Asks: 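Have a look at this one.
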Amino acid sequence: MMKIAQKVIEFTFYLLFFLVPLAWYAGSHELFEYNKMMLTYGLTIIIAAAWIIKMIEEKKFIYKRTFLEIPLLLYLVSHLLSTVFSLDPHVSVWGYYSRFHEGLLATISYVILYFAAVSNLQRLHAIRIIQISFVSAAIVSVYGILEHFGHSLSCLFVTWNFDVECWVQDVKNRVYATLGQPNWMAAYLDVLILTSLAFVRKFTIYNLQFTILPALFFIALLFTKSRSGFLGLAAGVSVFIILMVKKRWRLPLAILATIAGIAILIFTLNRPGATR
């Protein structure tokens, strides 16, 4: 029987990838990033505690070495040293004032999450995490598409009016859904578009969802009007096509990726509203 600690680790990782992209709170000064980081810190503590309990249960040190071990530890040490000699230790530890991100605490959390994942999760868990991320990204995408057409779920939750009047920013022109900034949403969708394309080996009923998802994510990306997002995806699609050629994947996927790449270039070069 699987130990409870292992189940807690798996379930908490699922929550992490599903909830963090969606998390925001209207009652805080920084609606998005601060709340996402607090949630990340909380879930990291749960994962770390469950990992320690699992080692106690199994009476052995559970740790898996990877090729990223030395680079990550060197980066962590450099961050520790910069914090020790920092002119503003508070910012160095906690990060930017209103967001509590990009500080030593965030780096420690990410390092713990990485080593907890590689030491406790298997391939099946990684696939489930990716699938859960697709569900979360689909919600974010629909959220953003609705904003483009003048209907913000955020306003509905806060003011009970299904419009965009609760925002000072012009969210109809450049959407950001639950990510807080159009470029952040674009970067997030870039990763999910390329990942979802990897699941489209052939067009079947079973794979229909993985055919629809890249299109949904791409529509939401267009409404961010993020030039950096378009260029980043163009670079990613280019690499993706090279990998497909090497793996000899079927023609429909190559056509899908090629059309997406051409569309990205067109919107990047000719779309006047696009910005960095």
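We're numbering straight along the sequence, starting at 1. What you are looking at is a predicted structure, and each value in this text was computed from that prediction instead of being measured.
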Asks: What I'd like to find out is whether the side chain of Leu76 reaches to under 4.5 Å of the side chain of Ile108, using heavy atoms alone.
Replies: yes
Asks: Which distance, rounded to the nearest 0.5 Å, do you find between the NZ of Lys54 and the CD1 of Ile9?
Replies: 5.0 Å
Asks: Please list all pairs meeting side-chain hydrogen bond (donor to acceptor under 3.5 Å, both in side chains) that have one or both residues in residues 70-81, counting only residues at least two apart or in different chains.
Replies: His79-Thr107
Asks: Check for me whether the distance between the ring centres of Tyr176 and Trp167 falls short of 6.0 Å.
Replies: yes
Asks: Consider only side-chain heavy atoms of I, L, V, M, F, W and Y, link residues closer than 4.5 Å, and tell whether Trp51 and Ile45 are in one cluster.
Replies: no
Asks: Is there a side-chain contact between Ile129 and Tyr14 (heavy atoms, below 4.5 Å)?
Replies: yes
Asks: List for me each residue that meets side chain to side chain contact (heavy atoms under 4.5 Å, CB included) alongside Leu216, sequence neighbours excluded, and say none if there are none.
Replies: Ala138, Ser141, Val142, Ile145
Asks: Test side-chain contact (heavy atoms from CB on, under 4.5 Å) on Phe218 and Leu233; report intermediate values, then the result.
Replies: CA-CA 10 Å; Phe218 184 70; Leu233 185 57; 4.0 Å; yes
Asks: Strictly by side-chain hydrogen bond (donor to acceptor under 3.5 Å, both in side chains), give each pair with a member in residues 35-45 just once, sequence neighbours left out.
Replies: Ser28-Asn35
Asks: Measuring only between side-chain heavy atoms, which start at C-beta, is Asn183 closer than 4.5 Å to Ser226?
Replies: yes
Asks: Once rounded to the nearest 0.5 Å, what's the spacing between atom CD of Gln131 and atom OG of Ser136?
Replies: 14.0 Å
Asks: Taking distance alone, no hydrogens or angles, what donor-acceptor pairs closer than 3.5 Å link side-chain atoms of residues 15-23 to residues at least two apart or in another chain?
Replies:
none

Asks: Tell me, do Thr195 and Ile130 make a side-chain contact under 4.5 Å, heavy atoms counted?
Replies: yes
Asks: Between His148 and Phe223, is there a donor-acceptor pair closer than 3.5 Å when you use the side chain of the first and the backbone of the second?
Replies: no
Asks: Would you say Phe13 and Leu113 make side-chain contact, with heavy atoms under 4.5 Å?
Replies: yes
Asks: Side chains of residues 56-64: which donor-acceptor pairs under 3.5 Å do they make with residues two or more places apart or in other chains?
Replies:
from  : atom 1 : to    : atom 2 : distance (Å)
Tyr63 : OH     : Glu69 : OE2    : 2.5

Asks: Would you find a donor on one side and an acceptor on the other, under 3.5 Å apart, between the side chain of Glu30 and the backbone of Glu33?
Replies: yes
Asks: Would you name the heavy atoms of Leu192 and Ala137 that are closest together and state the gap between them?
Replies: CG-CB, 3.7 Å
Asks: Please list all pairs passing the disulfide bond (SG atoms under 2.5 Å apart) test where one or both residues lie in residues 16-121, with sequence neighbours left out.
Replies: none
Asks: Does Ser92 have any side chain to side chain contact (heavy atoms under 4.5 Å, CB included) partners at least two apart in sequence or in another chain, and if so, which?
Replies: Thr83, Ser86
Asks: Fit a plane to each ring of Phe162 and His151, take the angle between them on a 0 to 90° scale, and name the class: parallel (under 30°), tilted (30 to 60°) or perpendicular (over 60°).
Replies: tilted
Asks: As a quick check of understanding, evaluate side-chain contact (heavy atoms from CB on, under 4.5 Å) for Leu153 and Leu146, giving each step before the final call.
Replies: CA-CA 8 Å; Leu153 289 171; Leu146 288 174; 4.3 Å; yes
Asks: Check whether the side chains of Ser152 and Tyr143 place a donor and an acceptor atom closer than 3.5 Å, and report yes or no.
Replies: no
Asks: Looking only at heavy atoms, what is the nearest atom pair of Thr224 and Arg174, with distance?
Replies: O-NE, 2.9 Å
Asks: Suppose clustering is done on Ile, Leu, Val, Met, Phe, Trp and Tyr with side-chain heavy atoms closer than 4.5 Å. Which residues sit in the same group as Trp184?
Replies: none
Asks: Does any pair with a residue in residues 52-115 pass disulfide bond (SG atoms under 2.5 Å apart), and if so which ones, sequence neighbours excluded?
Replies: none
Asks: Among residues two or more places apart or on two chains, list those pairs meeting salt bridge (Lys or Arg N to Asp or Glu O under 4.0 Å) that have a residue in residues 152-170.
Replies: none
Asks: If hydrophobic clusters are built from ILVMFWY residues whose side chains come within less than 4.5 Å, do Ile127 and Ile193 share one?
Replies: no
Asks: Please list, chain by chain and in numerical order, all residues satisfying ring pair (Phe, Tyr, Trp, His ring centres under 6.0 Å) with Tyr34, sequence neighbours excluded.
Replies: Phe100
Asks: Between Ile52 and Ile46, is there shared hydrophobic-cluster membership here, with clusters defined by ILVMFWY side-chain heavy atoms closer than 4.5 Å?
Replies: yes
Asks: Which atom pair, heavy atoms only, marks the closest approach of Val164 to Glu147?
Replies: CG1-O, 4.0 Å
Asks: Can you give me the closest heavy-atom contact between Leu189 and Ala220, atom names plus distance?
Replies: CD1-CB, 3.7 Å
Asks: Return yes if some donor-acceptor pair links the side-chain N/O of Gln6 with the main-chain N/O of Asn120 below 3.5 Å, else return no.
Replies: yes
Asks: Less than 4.5 Å apart, any side-chain heavy atom of Tyr114 and any of Thr66?
Replies: yes
Asks: Taking all heavy atoms of Gly180 and all of Phe32, pick out the closest pair and write down the distance.
Replies: CA-CD1, 3.3 Å
Asks: Under 6.0 Å from the CZ atom of Phe11, do we count more than 12 heavy atoms belonging to anything else shown?
Replies: no
Asks: Going by side-chain heavy atoms closer than 4.5 Å, which hydrophobic residues are tied to Leu74, directly or by a chain of links?
Replies: Ile70
Asks: Are Phe67 and Phe115 connected in the hydrophobic side-chain network, where two residues link if heavy atoms are under 4.5 Å apart?
Replies: yes
Asks: Cluster question for you: counting only ILVMFWY and a side-chain heavy-atom cut-off of under 4.5 Å, with indirect links fine, are Tyr25 and Val171 together?
Replies: no
Asks: Between Val175 and Gly144, what is the shortest heavy-atom contact and its length?
Replies: CG1-O, 3.2 Å
